[in-house]
2 protein chains.
Amino acid sequence: MDALVARVGSIRASKSAAGGSPSSAHSPKRMLFLDLVLSVFRLNGLLVAEGDAMTEDLGLTSARWKVIGVVALSTAGLTVPGIARVLGQSRQAVQRITDVMAQDGLITYQPNPKHKRSVLVLLTDEGKSAYHALREVQDPWAIRNTEDIPVEDLETALRLVRRLIQRLDK
Amino acid sequence: MDALVARVGSIRASKSAAGGSPSSAHSPKRMLFLDLVLSVFRLNGLLVAEGDAMTEDLGLTSARWKVIGVVALSTAGLTVPGIARVLGQSRQAVQRITDVMAQDGLITYQPNPKHKRSVLVLLTDEGKSAYHALREVQDPWAIRNTEDIPVEDLETALRLVRRLIQRLDK
DNA sequence: GTGTAAATGACAGCATGCTGGCATTGTAGC
DNA sequence: GCTACAATGCCAGCATGCTGTCATTTACAC
């Protein structure tokens, strides 16, 4: 973790630090994991910022980006709590996003044959074209960010992240 | 990404979906990356929740967890903007956390010889014992979550995450 | 059928993090 | 020394996400 602090440049106050803490008995796996945790926090923030920047011309935000992506992939429609379960967020958080997106004409609520109260969320034509426009920005972005990264590394990282998700999500 | 939707269990509405979308011309790396991005969002949320649960008995929160960890590792003290740079957050966000933590007696502001206005953040004795108590919860947690994960996988994932951070943080 | 538990909608309140704006202090070039 | 730019403190407003609560609907065991 000292590495994490030291890695960030231009921190005058920490010049004389970083040498002292006797970090003995630090199992490498433990340190790797804690470093990974902080890095995930960092990456998450950057990805949200990146998503906001990438979608602002489309009338979207990173929150809508997630929702529209999930809805676009479900041909039969999803309920709000269903979207929340996919995204691992509270249904209230998703509900607020979808309400605004419905006002903006990106999605519509349709009767759910399986459930009288819990309506289905579907993309409107405007929502679909927003999703297609999104894809045209998102896909090059994804390709650009992985061009010099081996597939194996991506697979290993994804497997690890999923493993942690599975473990923490119980 | 269909996999992401399908992977989440107990979603009745998506039963009849997930089969249709003709995801041709999807380069595997692109799909892997987008899946990784969504998984990082998911993992981030779980880690924050985990951090909150882990630290609530110590009078901490996940936000304070990050701050106290950074401050504890810098023997010379850090300025608020310095902490923000390490964490990759805005100085305002960190300032609000540190102000409350100072009120709670976990940290103190000390004069900065290098800068008249920008004070240094240091742990109080109470803050140090909170950090030690934190370590006693955090370390077993880290070990528990990595016991069946190869070191090489952790290293690969960390390297990849850092690589993405470096690329997005410019 | 009935009753209980789970799921959902709706509302309120709170925590975290961001941006923008403005005044003040430091830094560096001249 | 002066000036211009950067860094910092402080304030306000906003977006996102969480929990808690309550009423209603749905699902399921009996």
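Every chain is numbered from 1 and lettered A, B, ... according to where its sequence line falls, protein lines coming before strand lines.
- Side chain of P81(B), nearest nucleotide from dG9(D), dT8(C), dG17(C): dG9(D).
- Taking atom CZ of residue R96(A) and atom P of nucleotide dT19(D), one finds them 14 Å apart after rounding to whole Å.
- With S39(A) contributing its side chain and R162(B) its backbone, the two residues share no donor-acceptor pair below 3.5 Å.
- Put simply, CH2 on W65(B) and CG on L38(A) are 7.0 Å apart, with the number rounded to the nearest 0.5 Å.
- At whole-Å resolution of the value, CG in D52(B) and C1' in dT19(D) are 11 Å apart.
- Residue V119(A) is classed as a sugar-phosphate contact, given heavy-atom separations below 4.0 Å to backbone atoms only.
- Rounded to whole Å, the distance from CZ on F41(A) to P on dC18(C) is 13 Å.
- Using a 4.0 Å heavy-atom distance criterion, S118(A) is classed as a sugar-phosphate-only contact.
- As rounded to whole Å, 14 Å separates atom P of dT16(D) from atom CH2 of W65(A).
- Distance from the side chain of Q89(B) is smallest to dC18(C) among dC18(C), dG17(D), dT8(C).
- Rounded to whole Å, atom P of dG20(C) lies 11 Å from atom CD of Q92(B).
- For dT25(D), the OP1/OP2 oxygens have no side-chain nitrogen or oxygen of K114(A) closer than 4.0 Å.
- Mapped onto DNA chain D by nearest heavy atom, S90(A) and H115(A) fall at different nucleotides, with S90(A) at the one closer to the 5' end.
- To the nearest angstrom, C1' of dG17(C) lies 16 Å from CD1 of I83(B).
- Here L106(A) contributes atom CG and L122(A) contributes atom CG; the two are 13.5 Å apart, rounded to the nearest 0.5 Å.
- Nearest-nucleotide positions on DNA chain C for I97(B) and R91(B) put I97(B) closer to the 5' end.
- Between the side chain of S90(A) and the backbone N or O of A93(A) there is at least one donor-acceptor pair closer than 3.5 Å.
- The nucleotide whose nearest atom lies closest to any side-chain atom of R85(A) is, among dT8(C), dG17(D), dC18(C), dT8(C).
- To the nearest 0.5 Å, atom CD of residue Q166(A) and atom CG of residue L43(B) are 12.5 Å apart.
- Between the P atom of dG17(C) and the CZ atom of R64(B) lies a distance of 12 Å, rounded to the nearest Å.
- When the C1' atom of dA7(C) is taken as reference, atom CG of N112(A) falls 12 Å away, rounded to whole Å.
- Nucleic acid contact for T61(B): sugar-phosphate only, since backbone atoms but no base atoms lie under 4.0 Å from a heavy atom of the residue.
- Taking only distance into account, the side chain of Q95(B) never meets the base of dG17(C) through a donor-acceptor pair shorter than 3.5 Å.
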